[in-house]
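The block underneath contains the structure these notes are about, expressed in structure tokens.
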2 protein chains.
Amino acid sequence: MMKEEELLKSHISKHNLKVTKERSLVLRVFLDSEPHITAEELYRKMKNDGSSIGLATIYRTLNLFCESGLAEQRQFGDGQARYELVYNVKHHDHLICKQCSRIIEFENQEIEALQEKVAKKNNFKIFSHKLELYGICGNCSEKNDQ
Amino acid sequence: MMKEEELLKSHISKHNLKVTKERSLVLRVFLDSEPHITAEELYRKMKNDGSSIGLATIYRTLNLFCESGLAEQRQFGDGQARYELVYNVKHHDHLICKQCSRIIEFENQEIEALQEKVAKKNNFKIFSHKLELYGICGNCSEKNDQ
DNA sequence: ATGATTATGATAATGAGTTGCAATTCCCTT
DNA sequence: AAGGGAATTGCAACTCATTATCATAATCAT
Ligand SMILES: [Mn+2]
Ligand SMILES: [Mn+2]
Ligand SMILES: [Zn+2]
Ligand SMILES: [Zn+2]
């Protein structure tokens with residue numbers, strides 16, 4: 001059994017929930033998808049694969065993933081929540097291209113340290129943070145110049 | 001005439017729009033409000049003051065403020081857009097208390113510089129960015145410990 | 001295997017924000 | 001100052017992502 005499956009099942013049994021074929025299938029497809037997927041995208045993908053799962057169950061299951069610590073919800077400003085695997089995945093932040101919607105991940109330990117410094121100076125305890133850089137990726141820049 | 005009023009009127013005449021008493025009043029109340037106000041909050045405030053303005057007009061006017069460069073929209077994760085004056089205001093980022101919703105502003109030039117460095121390394125041109133630190137403010141920490 | 005409990009899919013409801021529309025206001029032209 | 005085309009308003013209806021409801025189905029401890 002995969003580590004992710006174990007985490008989810010541990011959360012499930014701890015909260016008197018049940019392992020269902022829908023939950024198992026959503027997990028499999030979610031782990032096999034590009035990161036930052038929306039509920040709708042996941043729904044269409046599974047429909048295409050012949051599943052008869054309902055959209056409400058996709059939403060419920062993605063919420064369950066977040067509650068279990070497997071995934072996190074992201075808002076990149078396009079009005080739809082995106083979900084990303086965070087269990088056993090190194091923390092990172094995002095560059096988002098406004099033109100082609102490409103998402104580039106990066107990590108910068110100096111920034112992380114400075115955030116803590118800012119928090120301390122303001123007598124603030126950080127639980128989570130959001131750092132998103134919006135602009136134009138290299139690909140799109142080239143295309144625009146041509 | 002205030003600088004903000006001038007900017008708005010300049011945008012208005014440049015786009016064949018019209019100065020209306022509604023727009024002037026919304027501007028006055030907006031500038032007189034705490035920063036990071038929601039459309040609904042502004043609406044209630046004006047209703048309380050005896051105005052008969054419609055909520056749709058508030059939304060339309062706040063959008064106009066954003067298009068003119070007077071204000072910007074923020075999303076602090078509570079499901080409602082907040083609007084902030086940015087004209088003649090120094091750029092800053094935000095600490096958001098999850099418990100009391102207090103918003104603390106900060107600026108950190110080192111972080112800004114590192115963002116540019118990250119962008120350059122990824123061949124990316126930054127137009128805007130969002131840095132939000134979520135957690136618990138000093139006030140709430142104290143209260144929680146008592 | 002049984003039954004209590006939880007999950008599911010279909011559908012309705014929610015809530016922030018937008019839009020269509022008829023009535024009103026603005027403001028340029030005379 | 002008056003006329004009139006264009007923009008704006010308030011209201012209500014709409015959109016769209018997400019959640020709630022509910023009758024039926026699946027899960028799992030016994
Ligand atoms: Mn990511
Ligand atoms: Mn601010
Ligand atoms: Zn791009
Ligand atoms: Zn607080």
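Residue numbering restarts at 1 for every chain, and letters A, B, ... go by the order of the sequence lines.
Backbone-only engagement by Ile53(B) is indicated by non-hydrogen atom pairs under 4.0 Å involving sugar-phosphate atoms exclusively. Residue Asp78(A) is out of contact with every strand shown, counting any heavy-atom pair closer than 4.0 Å. Nucleic acid contact class of Ser52(A) (heavy atoms, under 4.0 Å, all strands): sugar-phosphate only. Contact annotation for Ala81(A): backbone-only contact, meaning every heavy-atom pair under 4.0 Å involves sugar-phosphate atoms and none involves a base.
dA26(D) atom P lies 6 Å from atom NZ of Lys21(A), rounded to whole Å. Ile12(B) places its CD1 atom 12 Å from the P atom of dC26(C), with the value rounded to the nearest Å. Distance NE2 (His15(A)) to P (dT6(C)): 13 Å, rounded to an integer number of Å.
Checked against the 6.0 Å centroid threshold, His129(A) and His91(A) count as a close aromatic pair. Taking the six-membered ring for Trp and the full ring otherwise, His94(B) and Phe76(B) have centroids separated by under 6.0 Å.
Side-chain N/O atoms of Arg60(B) and base N/O atoms of dG10(D) include a donor-acceptor pair closer than 3.5 Å. Residue-to-nucleotide contacts include a donor-acceptor pair under 3.5 Å from the side chain of Lys18(B) to the base of dA6(D).
For Gln73(B) and Asn63(B), the side-chain atoms include no donor-acceptor pair closer than 3.5 Å.
Each of Leu17(A) and Gly79(A) has a nearest nucleotide on DNA chain D; the 5'-most of these lies closest to Gly79(A). Between Ser51(A) and Leu55(B), the residue anchored nearer the 5' end of DNA chain C, judged by the nucleotide with its closest heavy atom, is Ser51(A).
Partner Phe65(A) forms a ring pair (Phe, Tyr, Trp, His ring centres under 6.0 Å) with one of Tyr83(A), Tyr87(A), Tyr59(A), Phe30(A) and no other, that one being Phe30(A).
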